[in-house]
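On a predicted model such as this, the values are computed, not experimentally measured, just so you know. What's counted below: heavy atoms across the whole structure, side chains too, no hydrogens, waters or symmetry copies. We're numbering straight along the sequence, starting at 1. Each ligand, and each atom within it, is numbered from 1 in the order the structure gives.
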Amino acid sequence: MSIAHISDMDVTGKRLVVRADLNVPTEGGQITDTTRIDRFAAGMRPLLARGARLVILTHFGRPEPNELNSSFSVDKFRPALAEALGVPVRFSDVCADDSAVILSQQLANGEALLCENLRLNPGETENDPGFAAQLARLGDIYVNDAFSSAHRAHASTEALARLLPAAAGPLLVEELAALGAALDAPRRPSVAIVGGAKVSTKIAVLKHLVQRLDAVIIGGGMANTFLFADGAPMGKSLHEADQVETVREIRRLADKAGCSLHLPQDVVVAREFRAGADSLVVAAGDCPADAMILDAGPKALAAFQTVLSGARTILWNGPLGAFEIPPFDVATVELARSAAERTRQGHAVSVAGGGDTVAALNAAGVTQDFTYVSTAGGAFLEWLEGRTLPGIAALNGAAAAA
Ligand code: 3PG
Ligand code: MG
C-alpha cells in the first residue's frame, strides 16, 4: 500500500483540510517552544505558494469537550503561525459548523484559516463519523501532517481520512522517511539506545527493538531493573522488582535474534537526589545500601561509545541517567555527543524522539547534528513498538480514493 503525498498533487485553488499537531508547550499562555509550529509551517509554505487554501485543524492539550476557556483556545497560536507561514491567518472559533464552512469558502489562493481546538468537540476523541463528516465540509482534500498525533484514532486523524481524497503532508512524509530509515531498513550495524525510568513503560519497545537491531544499549532507571534481575543490590535505586521475568524474556528474545544487550558495568551513585550531590563511581554490582544509581559510569560510557563507534544506524529514546540534574547528566551528554559526531562525519544515520529525549539532546547541544529528531512523544514510542498507527493506516486505506 502506498500513501499519496500532497506535494505531488494539484493544489491550486483547492481547500486543503490539514490536520496539524500544534500541541506546543506553553507556560502562562505563552509558547515556550515553537518547533512544532515552525516545522509544520515550513512544509506548508510551498503549498501556499502554489495557491493552496489552508484550513488548519489541531488539538491543544486535553480539555473536556465544550470546556471552552481561553487556556484551551488555539487562537493564541495565530501570531506565531502567521509569522512562520508568512501569511496572515484567519480564525474560526468553531471547527464544525456552517460558519466555519463559510470562512473556508472565503479563502483566496494562498490564504490560511485556523480552526479552534478540535478536542472541544466530543466527537473528536470519539472518532465520531458524524463529526468527521462536518470536518469534511471544510475542504476538498484531507491532508494529515500530524505524525505526533497519528497514534490517536480520532475523528480528525482517522475517520476524516475516509471521507475525502486523502494525502500525507510534507512533515509527516519527512517523519515517516526518517523513521523508516532507522527501523524498517536500517544500515547495519544498527544500534538503539533506550533509556528512561521504567522497563514497564517500554516492554513492547525493547521486545521489538531487540528483534530488529544488532545491539541495544540500555540506560536510565530501566537498566537498574536489568542489573537487579542479575542479582545486583539496588540500595535506594529506582527499579521494578516485579519486572524481573520481563527482563528475562527480553534477554531471551535478544539472544534468539542475535542482538547484543549492553548494560552499564559501572554506575554513578549518590546518597541524595539533588544537583551537585556528592557522588561516587562503583561497579554495577556494588551499589551501597544507602545510595542510589543516578547515571552510567565512565567504564560503561566508554563501552557504549565503542558500540556506537561501529554503528551505521543509531536510534535514541530516553536518557541514560538523571540528566536534568548535574553531575548525573554526563553519560547522556557524552554519548549523545558521540552519536552526533558519528553522524556529522557521515558514518551513521541517527534518529531520536520521544518525551524526554529531545530535552536530553538539547541539553547536550547536539539536536542539530542528529539526522532527524522527531517531535513526537507517544506516537514515536508506539512506532518503536512496531505498532500500526491508526492515522497512518487510515491514509494507507484512503490512498486509492485520492
Ligand atoms: C503529543 O503532544 O504527544 C501529541 O500532540 C498528542 O497529544 P495527546 O497525547 O494529548 O494525544
Ligand atoms: Mg503526549
Residue from V244, L227, N224 passing side-chain contact (heavy atoms from CB on, under 4.5 Å) with H239: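 Of V244, L227, N224, side-chain contact (heavy atoms from CB on, under 4.5 Å) with H239 is met by N224 alone.
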Per-atom contacts of ligand 1 with [X], taking only distances under 4.0 Å to non-hydrogen atoms:
| X | result |
| --- | --- |
| N23 | 1 (C), 2 (O), 4 (C), 5 (O), 7 (O) |
| S148 | 4 (C), 6 (C) |
| R119 | 8 (P), 10 (O), 11 (O) |
| R36 | 1 (C), 2 (O), 3 (O), 4 (C), 5 (O) |
| R62 | 8 (P), 9 (O), 10 (O) |
| R152 | 8 (P), 9 (O), 11 (O) |
| D21 | 4 (C), 5 (O) |

Does this structure show an ion pair linking [X] with [Y], if we count only N-O contacts that are shorter than 4.0 Å?
| X | Y | result |
| --- | --- | --- |
| E240 | K198 | no |
| R50 | D10 | no |
| E111 | R53 | no |

Answer yes or no for H154: is there a heavy-atom contact with ligand 1 below 4.0 Å?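 The answer is no: ligand 1 sits nowhere under 4.0 Å from a heavy atom of H154.
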Side-chain H-bond candidate by donor/acceptor type, D21 with S148, under 3.5 Å: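 Side-chain D/A pair, D21 to S148: present.
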On the six-membered ring of F228, is R248 placed so that its NZ or CZ lies under 6.0 angstrom from the centre and within 45° of the ring axis?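 Ring-cation test returns no.
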Polar contact flag for H151 and ligand 1 (N/O pairs, less than 3.5 Å):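 No, since none of the N or O atoms of H151 sits under 3.5 Å from an N or O of ligand 1.
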Ring centres under 6.0 Å, that's the criterion: do F60 and F77 meet it?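 Here the rings of F77 and F60 have centres that are less than 6.0 Å from each other.
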